Every structure is written in structure tokens, then in C-alpha cells.
Amino acid sequence: MVRHVKYFLGLRYQVSGWEHLQTEGPYVIISNHQSSLDVLGMMEILPDRCTMIAKKELVWAGTVGMICWLGGIVFINRQKTRDAKNVMSEAAKTMLADQIRLWVFPEGTRNQNGGLLPFKKGAFHLAVQAQAPIIPIVFSSYSNFYLRKQKEFKSGTITLKILPKIETKGLTADDVTALSDQSFGVMHSAFLEISSQAAQCNGPSSH
Ligand SMILES: CCCCC/C=C\C/C=C\CCCCCCCC(=O)SCCNC(=O)CCNC(=O)[C@H](O)C(C)(C)COP(=O)(O)OP(=O)(O)OC[C@H]1O[C@@H](n2cnc3c(N)ncnc32)[C@H](O)[C@@H]1OP(=O)(O)O
Ligand SMILES: CCCCCCCC/C=C\CCCCCCCC(=O)OC[C@@H](O)COP(=O)(O)O
């Protein structure tokens with residue numbers, strides 16, 4: 001049902017790199033996070049046995065919260081780092097025990113400022129603890145068709161680029177910063193590349 005919302009909003013998705021999702025077993029997906037609209041893109045490509053990490057406040061978001069709760073979304077309290085770390089460590093164990101994939105937004109919040117925010121570390125600790133690969137996914141900039149603060153929205157095409165997996169086998173907590181920096185680097189380059197293509201595809205911006 002959620003996938004049909006794109007027709008109502010006049011959105012199209014172009015996905016590349018499908019082959020990188022053909023990975024057996026558990027993995028951690030990381031992606032940039034611009035808006036609630038990201039949920040529509042997630043539904044375009046969501047692999048089997050994949051759930052998400054979300055802020056705990058979403059539980060109280062009416063129907064959406066109930067769907068998230070029933071859907072097994074893992075809620076964290078971003079104000080309490082120790083609690084969030086504990087929840088994510090448990091999630092790493094569950095990933096392995098139940099062969100689950102987890103989708104994390106490493107920026108930790110929505111960002112429409114034309115780039116990527118510095119990454120938080122949780123996704124990378126999670127992947128290292130589970131010794132599971134990371135699959136980075138990048139959404140092109142929405143700024144040519146959607147500006148949240150200005151309340152402007154028109155139809156548009158969103159490019160989703162699935163990048164090659166990054167292995168974590170043999171890595172430890174000491175490698176997390178380098179892993180995060182590596183992931184940020186490839187995602188930032190891809191974001192700039194696909195956002196300029198999407199801008200041409202969506203026509204000249206009026207903003
Ligand atoms: C039309 C009808 C439609 C109906 C549709 C209905 C439903 C749709 C269905 C589904 C939709 C669901 C969509 C859900 C999307 C939800 C999106 C979000 O909520 S994004 C926000 C929440 N997510 C995150 O915040 C994840 C990213 N954050 C982190 O990973 C953070 O690291 C953190 C764990 C929250 C901690 O935050 P902090 O600010 O303290 O960050 P630091 O990264 O600086 O970490 C501090 C310190 O701790 C170390 N650390 C971090 N994590 C761990 C860990 N797991 N284990 C061990 N240590 C950890 C980190 O290294 C730092 O230490 P140091 O500085 O020494 O390195
Ligand atoms: C005119 C277009 C407006 C956009 C319409 C969006 C339509 C999307 C359709 C269905 C999706 C509904 C599910 C909403 C899930 C919300 C997830 C979300 O975005 O949570 C916010 C959280 O990550 C970070 O919070 P903060 O940025 O720190 O606070």
C-alpha cells in the first residue's frame with residue numbers, strides 16, 4: 001500500500017546497483033535521511049527480513065507508530081546513549097540468531113541541507129559486533145522538487161544508488177571510526193554524483 005503513495009505524489013524512482021543487495025544472510029543497510037519521504041524509497045527496495053532502527057518517539061505517532069511497532073522496528077532513545085547502545089548490541093545478537101537485516105540512518109536525524117551530516121557511530125558498531133557487511137544506499141537530493149521548510153512540493157524523480165558492500169569480518173571496535181569515514185566517503189561522492197543527474201532529470205530548479 002505504501003508503495004502506491006508515490007503515484008499520488010507524482011514521484012518516480014530509478015534504482016541502480018540491485019546486484020549489491022543479492023547478499024546472503026544478515027547485513028546492515030545505511031542510507032542518508034532527508035525526509036519522511038524516504039520511507040517510500042525504502043519500500044521500493046526493502047529486502048526480505050529487513051527492519052529498521054528508529055527513534056522511540058515514533059511509537060507514539062498514531063497509526064504509523066502502531067505499524068512500526070507491529071513491524072518489529074527497533075526503537076532507540078537518542079537522548080540516552082547508553083540505552084541506545086544496549087538496544088543496538090541486543091539487535092546485533094538478534095540479527096545473527098534470526099538472520100535479520102537492519103536499516104540504519106547514520107546521520108541520526110533528517111537533513112535537507114544539501115549534503116550528508118557527520119555520521120553517528122551506532123550503525124558501524126552494530127555491523128562490527130555482528131561481523132556483518134554494510135550495504136550503503138544513497139538517495140539523490142530532493143531539493144529540486146521538495147523543500148520542507150518552504151512547504152514546496154512538485155513531482156520528481158528520485159535516484160536510489162545501492163553501493164557495493166563493505167565487509168567487516170575481522171574488524172573490532174577500534175576500526176569503527178575508519179569504517180564510518182570510509183562509508184561516509186563513498187556515500188558522499190555518490191550523493192553528489194546522483195544529485196546532479198537528478199537535478200537535470202527534474203529540470204531546472206525554481207528555488
Ligand atoms: C500513507 C500511510 C503510510 C503508513 C506507513 C507506515 C509505516 C511505514 C513503515 C515503516 C517506516 C519506518 C521508518 C523508520 C525511519 C526512522 C528513522 C529514524 O528514526 S532516524 C533516528 C534514529 N536513528 C539513529 O539515531 C541511528 C543513528 N544513531 C546512532 O547510531 C548513534 O550512534 C546512537 C547509537 C543513537 C548514539 O548517539 P550519540 O549521539 O551518543 O552518538 P555517537 O555516535 O557520537 O556515539 C557516542 C559514543 O558511543 C559509541 N557508540 C555508539 N554506538 C555504539 C554501540 N552500538 N556500541 C558501542 N559503542 C557505541 C561511539 O563510538 C561514541 O564513542 P567514541 O566517541 O568513543 O567513539
Ligand atoms: C508533500 C510531501 C510531504 C511528504 C509526505 C511523506 C509521505 C510518506 C508516506 C508514508 C510515510 C509515513 C511514515 C513516516 C515515518 C517517519 C520516519 C521519520 O522520518 O522519522 C523521523 C526520524 O527519522 C528522525 O527524526 P528527526 O528528523 O530527528 O525529527
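Just so we're clear, the structure is a prediction, and the values are computed from it rather than from any experiment. All ligand and atom numbering here is 1-based and tracks the order in the structure.
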Practice prompt. May I ask whether Arg148 places a heavy atom under 4.0 Å from ligand 2?
Written response: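 Arg148 does not count as a contact of ligand 2 under the 4.0 Å cut-off.
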Item to complete: Look at the rings of His188 and Phe184 and say which category their plane angle falls in: under 30° parallel, 30 to 60° tilted, over 60° perpendicular.
Response: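 It falls in the parallel class, under 30°.
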Item to complete: Return the orientation label for the His33 and Phe105 ring planes: parallel under 30°, perpendicular over 60°, tilted otherwise.
Response: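 Correct class here is parallel.
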Discussion item. Quick check on atom 66 (O) of ligand 1 - does any protein heavy atom sit closer than 4.0 Å to it?
Written reply: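 So far as the 4.0 Å threshold goes, atom 66 (O) of ligand 1 is out of reach of every protein heavy atom.
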Worksheet item: With a 4.0 Å cut-off, strictly under, does atom 63 (O) of ligand 1 pick up any protein heavy atom?
Response: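 Flag for atom 63 (O) of ligand 1 set to false, no protein heavy atom closer than 4.0 Å.
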Should you measure from each heavy atom of [X], which atoms of ligand 1 turn up under 4.0 Å away?
X	result
Lys120	28 (N), 29 (C), 30 (O), 31 (C), 32 (O), 39 (O), 41 (O), 43 (O)
Phe105	15 (C), 17 (C), 26 (C), 27 (C)
His33	17 (C), 20 (S)
Met52	12 (C)
Gly108	21 (C), 24 (C), 25 (O), 27 (C)

Same apolar cluster (I L V M F W Y, side chains within < 4.5 Å links), [X]/[Y]:
X	Y	result
Phe153	Phe8	yes
Trp18	Leu160	yes
Leu96	Ile29	no
Trp69	Ile67	no
Leu46	Val64	no

Using heavy atoms and a 4.0 Å limit, tell me yes or no: is [X] in contact with ligand 1?
X	result
Gln129	yes
Ile76	yes
Ile67	yes
Val104	yes

[atom] [closest protein heavy-atom partner, distance rounded to 0.1 Å]:
atom	result
atom 2 (C) of ligand 1	Met1 CE, 4.1 Å
atom 38 (P) of ligand 1	Thr81 OG1, 3.9 Å
atom 1 (C) of ligand 1	Val5 CG2, 4.0 Å
atom 19 (O) of ligand 2	Ser36 OG, 3.3 Å
atom 5 (C) of ligand 1	Val2 CG2, 3.8 Å
atom 3 (C) of ligand 2	Tyr146 OH, 3.9 Å
atom 15 (C) of ligand 2	Val39 CG2, 3.8 Å
atom 9 (C) of ligand 1	Met43 CE, 3.9 Å
atom 32 (O) of ligand 1	Gly122 N, 3.0 Å
atom 9 (C) of ligand 2	Leu40 CD2, 3.8 Å
atom 12 (C) of ligand 2	Val64 CG2, 4.3 Å
atom 33 (C) of ligand 1	Ala84 CB, 4.5 Å
atom 58 (N) of ligand 1	Lys85 CD, 3.1 Å

Is [X] touching ligand 1 with its side chain, its backbone, both, or neither, if touching means heavy atoms under 4.0 Å apart?
X	result
Met88	side chain
Lys55	both
Lys121	both

Which is closest to [atom] by heavy-atom distance: [options]?
atom	options	answer
atom 27 (O) of ligand 2	Gln34, Lys55, His33, Arg110	Arg110
atom 12 (C) of ligand 1	Ile73, Val128, Val87	Ile73
atom 6 (C) of ligand 2	Leu37, Thr109, Leu58	Leu37

Worksheet item: Taking 4.0 angstrom as the limit, do Glu152 and Lys154 come out as a salt bridge?
Response: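 Not counted as a salt bridge, because no side-chain N and carboxylate O are separated by less than 4.0 Å.
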Discussion item. One residue to check: Gln112. Relative to ligand 2, which of side chain, backbone, both or neither has a non-hydrogen atom less than 4.0 Å away?
Written reply: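 Contact part for Gln112 vs ligand 2: neither.
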Worksheet item: What do you reckon, does Ser89 have a nitrogen or oxygen under 3.5 Å from a nitrogen or oxygen of ligand 1?
Response: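 It does not: no N or O of Ser89 is found under 3.5 Å from an N or O of ligand 1.
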Practice prompt. Grab the two heavy atoms, one from Leu116 and one from Glu107, that are nearest each other, plus how far apart they are.
Written response: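 Smallest interatomic distance, heavy atoms only, reads CA-OE2, 3.3 Å.
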Worksheet item: When you look at Ile76 and Lys55, which way does the side-chain contact (heavy atoms from CB on, under 4.5 Å) test go after all the steps?
Response: CA-CA 5 Å; Ile76 57 167; Lys55 62 176 185 180; 5.6 Å; no
